[in-house]
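Taking it in order: structure first as structure tokens, then the write-up.
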Amino acid sequence: MDYNFVEIEKKWQAYWAEHHTFRVQADPSKPKYYVLDMFPYPSGAGLHVGHPLGYIASDIYSRYKRLKGFNVLHPMGYDAFGLPAEQYAIQTGQHPAKTTEQNIARYRQQMDRIGFSYDWSREVRTCDPAYYKWTQWAFLEMFNHWYNPETDKAEPIETLIAKLREEGRWDGLSEKERSDLLMQYRIAYLGETSVNWCPALGTVLANDEVKEGYSVRGGFPVEQKKMKQWQLRVSAYAERLLSGLDSLDWTDSLKEMQRNWIGRSQGAEMVFHVFNGDKEYEMTIFTTRADTIFGVTFMVLAPESDWVEKLTTPEQKEAVEAYLLQAKKKTERERIAETRKVTGVFSGSYAVNPLTGEKVPVWISEYVLAGYGTGAIMAVPAHDSRDYAFARTFNLPIIPLIEGCDISESSFDAKEGTMCNSGFLNGMSVKEAIPAAIDYVEAKGIGRRKINYRLRDAIFSRQRYWGEPFPIYYKDGIPYPMPQSCLPLQLPEVDKFLPTETGEPPLARAKDWTYEGHPIETSTMPGFAGSSAYYLRYMDPHNDQALVSRDADEYWRDVDLYIGGTEHATGHLIYSRFWNKFLYDCGYVCEQEPFRKLINQGMIQGRSNFVYRIKNTNTFVSCGLKDQYDTTEIHVDVNIVHNDRLDMEAFRRWMPDFATAEFILEDGEYICGWAIEKMSKSMFNVVNPDSVCERYGADTLRMYEMFLGPLEQSKPWDTQGIDGVHRFLRRFWKLFFDRDVFSVTDEKATPAELKALHKLIGKAQDDIEHFSFNTTVSAFMIAVGELTDLKCRKREILEPLTIVLSPFAPHIAEELWQMLGHGESISFAAFPVYNPAFTVEDNVKYPVQFNGKMRFVIELPKSLAPSEVEAAVRADANTEKYLQGAAVRKVIVVPGKIINIVC
RNA sequence: GCCCGGAUGGCGGAAUCGGUAGACGCGCUAGUUUCAGGGACUAGUAAACGCAAGUUUGUGCAGGUUCGAGUCCUGUUCCGGGCACCA
């Protein structure tokens with residue numbers, strides 16, 4: 001009987017669906033385990049073999065945990081709002097809901113074929129009103145809360161009003177003034193800031209959606225623009241987002257990325273008096289190098305800073321305006337490209353160094369950012385490379401502050417050396433001087449310790465159609481939250497998915513987009529809104545009274561294992577943690593951090609194949625002979641190439657141009673060239689999981705993807721090895737058969753058979769716990785090889801073997817499990833208990849060192865008592881050979897398996 | 001520029017605590033099979049020398065610690081990733 005994977009897989013996929021095998025309920029009698037995949041955005045292209053890598057790993061772990069007796073929550077859903085569906089809708093006029101629906105159906109079909117153990121009854125879709133009701137709800141909660149720095153948590157806005165009232169800052173204010181005042185505190189707020197504006201997409205974008213001046217989606221140029229937008233006060237959580245990382249079981253590189261993104265920087269704020277003619281102001285700046293204050297020779301303002309207007313003198317007005325204009329016109333891209341170019345203009349005003357009393361000029365330059373610190377800096381050209389470049393360009397003085405530093409070519413940025421030219425700081429090391437300087441300015445009342453973060457608030461509105469509407473309406477220009485009874489506020493129909501003629505977002509086209517006669521917000525929420533709390537929704541997906549019930553939350557608590565790509569390091573994974581911490585502050589969830597352990601699966605790259613066409617002919621020459629001709633390299637569809645050998649008939653059928661192709665062969669075959677490239681349609685190297693399932697079966701696909709290499713590593717999809725894995729499954733299948741007849745005996749297993757089995761159980765258990773799935777597959781291959789050699793067809797061995805294998809190859813395992821006479825699914829069998837007694841080696845290898853030099857290794861029986869070792873060493877043939885007749889005076893057995901021989 | 005991570009046969013990759021480097025798979029070589037094959041099976045396969053037993057070299061490069069280093073330390077080169085005027 002052959003291993004008929006097509007039938008087996010169809011049969012068991014149907015069985016699981018019909019019996020709801022993987023449906024899960026909260027069960028306090030069992031320990032819970034929550035395994036989550038980052039849910040996919042269902043794109044039109046469908047899945048390629050790279051996508052399921054993480055899903056397969058999480059599925060193996062889920063199935064393993066079930067065998068270990070855990071109540072496993074393993075859900076899946078779709079991140080269904082987003083730009084591509086909308087772009088497609090604009091092009092074709094098709095409603096994004098429709099294309100999204102189609103894409104989801106295709107994804108589901110592809111996933112089902114791989115045999116995942118998801119509880120599909122818990123599926124969520126972010127574009128489903130029953131789901132986005134809770135996204136909107138969370139937004140309203142954020143609108144109605146503020147961050148209290150004293151308690152260090154979010155609190156209802158009422159506590160703020162009470163506080164303001166107490167301080168006499170509330171009564172007597174107009175409705176508008178009150179709204180504006182509260183806006184400065186709300187967690188979700190409407191605020192004017194410089195934003196990333198993408199004209200091509202017609203929307204603003206968050207920092208993580210922009211890379212090198214281009215939009216991540218679509219690659220369009222992005223510019224800076226001051227706009228009024230909804231924002232989330234993520235920055236309020238900066239410290240907690242940073243310190244929370246310590247408790248997480250994430251990779252160091254991922255934590256490091258988040259730390260960089262949060263960008264904590266410890267320093268001081270200092271007050272400088274600035275003079276524009278006879279007008280005097282106090283200007284606060286931020287610095288991490290308070291010790292260098294004696295070296296300040298000028299000040300610099302960001303072009304967008306409010307100080308620019310106050311400090312521009314009438315004489316300099318024209319020059320400053322010209323500078324601002326040309327700075328404004330630059331796109332973000334140009335700003336980045338010209339990073340090294342120094343530009344700036346003198347404001348005409350002067351500042352006074354609070355320590356030296358010296359007068360220094362105030363300049364304006366692009367290299368100072370409005371959004372960080374106070375948008376103004378003190379410049380110390382001797383010890384900051386950017387200030388140095390600026391001073392050199394505009395001929396400003398440079399005062400060295402560290403003994404013996406060389407500043408003739410560049411600044412001395414290192415925080416080391418002994419201070420000089422610095423008044424009371426002279427003679428101190430830099431490390432002493434920094435706190436000493438801050439202590440001094442604090443004592444003098446001209447500055448204070450301050451921590452700044454790079455992390456900015458998240459821009460939360462998008463001028464697009466396909467997203468969650470804001471439950472906000474405007475009365476007299478003041479934004480008001482809609483009552484909860486209005487949720488979900490459903491996305492309205494529009495005639496076109498484009499902005500209006502007046503440049504308003506698409507929702508402005510909707511008929512009657514009002515609440516009690518007042519206009520409703522026309523922006524929609526960004527992609528990360530729906531993905532920020534989806535892991536909570538899976539716990540209780542059908543609850544229409546709450547995002548998640550207290551009971552469900554207290555049982556499932558948090559995600560124990562989260563698997564997904566590293567591309568979400570500074571986006572989703574920050575927002576989600578923020579969102580969770582906010583809900584935690586409000587008392588809706590019981591864990592501070594949502595994702596306990598996180599694994600980033602590597603990308604699967606494509607392995608492209610090439611054919612070589614002799615120029616101006618339709619003749620193709622095999623790779624090994626191509627250097628003898630003048631050829632053009634052409635990508636060829638990897639699906640008509642097997643082990644780098646071209647299927648020539650399929651090639652002729654592939655494209656009309658090649659129908660008459662001729663070939664120059666090597667040994668009767670056409671060998672293709674190859675290269676590792678990104679998996680993409682244009683390089684014809686996309687491998688679809690369906691075609692692999694068709695050819696080899698889902699179990700082979702699953703095992704092969706794991707066998708390819710460590711989970712976290714990026715690696716190319718290389719079909720060369722897949723035959724080996726398939727061969728292994730067939731060999732495993734054959735273990736159960738004697739000349740085509742299923743024949744498993746109840747005979748007692750021999751020590752050798754038990755050893756092979758338990759070696760596997762121990763290794764597999766250990767490797768799976770460490771997510772080393774590639775070595776687990778190797779262990780399977782070794783075990784099956786050994787059992788084949790032993791001609792073992794015993795139930796005592798084969799039953800546990802099948803259980804251990806079942807997380808990796810569930811279909812074949814189910815089939816054999818049934819043939820072994822079990823009525824129930826193997827999914828909830830008990831993982832066999834590892835007994836190390838069976839695997840003990842008979843002999844131990846001892847490295848032997850003699851007269852101080854290690855020379856050789858001898859093998860002694862494990863059963864040897866320590867007192868017997870000496871005699872055994874003396875008697876060993878190797879010992880005799882190396883001692884060459886010298887007398888052994890003493891043998892010392894060192895713990896840790898070292899034997900010393902003294903002659 | 002700054003911060004992470006990595007470098008092991010022809011290839012993907014093993015090596016849990018510093019203890020026989022190269023597991024497992026691919027590929028390749030030879031052979032077996034009433035063998036159409038992209039089938040099944042057996043043996044070999046780090047390199048150099050050798051008929052062989054064997055000997056020597058060997059984990060990017062240069063040093064160091066150790067009886068012993070792919071593994072630890074110092075320096076260096078290359079590759080991958082992240083951040084990038086963040087004061």
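Residue numbering restarts at 1 for every chain, and letters A, B, ... go by the order of the sequence lines.
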Please produce a list of atom pairs where a protein N or O lies less than 3.5 Å from an N or O of nucleotides 16-18 of chain B.
| residue | atom | partner | partner atom | Å |
| --- | --- | --- | --- | --- |
| B/U16 | O2 | A/Asp766 | OD2 | 3.0 |

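For the pair A/Ser365 and B/C85, the criterion of a side-chain N or O lying under 4.0 Å from OP1 or OP2 is not met. Phosphate contact (OP1/OP2 of B/G39, side-chain N/O of A/Arg730, threshold under 4.0 Å): absent. Listed pair A/Asn774 / B/A14 meets the phosphate criterion, a side-chain N or O lying under 4.0 Å from OP1 or OP2. Side-chain nitrogen and oxygen atoms of A/Arg727 include none within less than 4.0 Å of the OP1 or OP2 phosphate oxygen of B/C41. Dashed line: the shortest gap from a side-chain N or O of A/Gln713 to OP1 or OP2 of B/G6 is not under 4.0 Å. At the phosphate of B/A87, OP1 or OP2 sits under 4.0 Å from a side-chain N or O atom of A/Tyr372.
For A/Phe5 and A/Tyr3, the gap between ring centers is short of 6.0 Å. A/Phe732 and A/Phe780 have their aromatic ring centers separated by at least 6.0 angstrom. Taking the six-membered ring where the residue is Trp, the centroids of A/Tyr704 and A/Trp717 are separated by under 6.0 Å.
A donor-acceptor pair shorter than 3.5 Å can be found between the side chains of A/Tyr696 and A/Asp723. Under 3.5 Å, the side chains of A/Ser772 and A/Thr775 contain a donor-acceptor pair of N or O atoms.
One can place CH2 of A/Trp261 at 21 Å from P of B/C2, the figure rounded to the nearest angstrom. Following rounding to the nearest Å, A/Met781 (CE) and B/C24 (P) show an atom-to-atom distance of 11 Å. The separation between A/Glu649 atom CD and B/G37 atom P is 19 Å, rounded to whole Å. Look at OH on A/Tyr388: it is 17 Å from P on B/G1, rounded to the nearest Å. When the P atom of B/G39 is taken as reference, atom NZ of A/Lys734 falls 13 Å away, rounded to whole Å.
Pairing partner, B/A62: B/U74, with both Watson-Crick or wobble hydrogen-bond distances short of 3.5 Å. Pair check for B/A40 finds B/U32; Watson-Crick or G-U wobble, both atom distances under 3.5 Å. Searching all strands for a Watson-Crick or G-U wobble partner of B/G50 with both distances below 3.5 Å returns nothing. Pair assignment for B/G1 gives B/C83, based on Watson-Crick or G-U wobble hydrogen-bonding distances that are each under 3.5 Å. Across all strands shown, B/G22 forms no Watson-Crick or G-U wobble pair with both distances under 3.5 Å. Summarising the base pairing, B/U45 is matched to B/G27 through a Watson-Crick or G-U wobble pair whose two defining distances lie under 3.5 Å. Pair assignment for B/A69: none, as no Watson-Crick or G-U wobble contacts are both less than 3.5 Å. For B/C17, there is no paired base (Watson-Crick or G-U wobble, both distances below 3.5 Å).
The glycosidic torsion of B/C17 lies within 90° of 0, placing the base in the syn range. Anti is the glycosidic conformation of B/G81, whose angle departs from 0 by more than 90°.
Salt bridge A/Arg449/A/Glu269: absent, no basic N to carboxylate O contact under 4.0 Å. Between A/Glu786 and A/Lys759, at least one side-chain nitrogen of the basic residue sits less than 4.0 Å from a carboxylate oxygen of the acidic one, meeting the salt-bridge criterion.
Listed by residue number, there are no residues of residues 784-792 of chain A with a heavy-atom contact under 4.0 Å to RNA chain B.
Here the side chain of A/Val368 is nearest to one of B/C83, B/G25, B/A87, namely B/A87. For A/Glu256, taking side-chain heavy atoms from C-beta onward, the closest of the listed nucleotides B/A87, B/C3, B/G25 is B/C3. The listed nucleotides are B/G13, B/A87, B/C83; the one nearest the side chain of A/Lys715 is B/G13. The A/Phe707 side chain lies nearest to B/G25 when the options are B/G25, B/C4, B/C83.
Put simply, the side chain of A/Phe294 does not reach to within 4.5 Å of the side chain of A/Ile399, judged on heavy atoms. The shortest distance between side-chain heavy atoms of A/Leu205 and A/Val222 falls below 4.5 Å.
Put simply, the side chain of A/Asn600 gets close to the backbone of A/Gly564: a donor and an acceptor are under 3.5 Å apart. Under the 3.5 Å distance criterion, the side-chain polar atoms of A/Lys715 are matched with a main-chain donor or acceptor of A/Pro710. Judged purely by atom type and a 3.5 angstrom limit, A/Ser411 uses its side chain to pair as donor or acceptor with the backbone of A/Ser385.
At the heavy-atom level, A/Ile377 lies under 4.0 Å from base atoms of the strands shown. Residue contacts shown for A/Pro710 are limited to sugar-phosphate atoms, with no base heavy atom under 4.0 Å away.
Spacing of P atoms, B/A36 relative to B/G80, comes out at 49 Å, to the nearest Å. Spacing between B/A48 and B/G81 at atom P, rounded to whole Å, works out to 35 Å. Comparing the same atom, C1', in B/C41 and in B/A23 gives a spacing of 22 Å after rounding to whole Å. Straight-line distance between the P atoms of B/U56 and B/A7: roughly 29 Å, to the nearest whole Å. Nucleotides B/C73 and B/A69 are separated by 15 Å at their P atoms, to the nearest Å. Look at the P atom in both B/C24 and B/U45: the space between them is 12 Å, to the nearest Å. Rounded to the nearest Å, the gap between the C1' atom of B/G12 and that of B/G1 is 35 Å.
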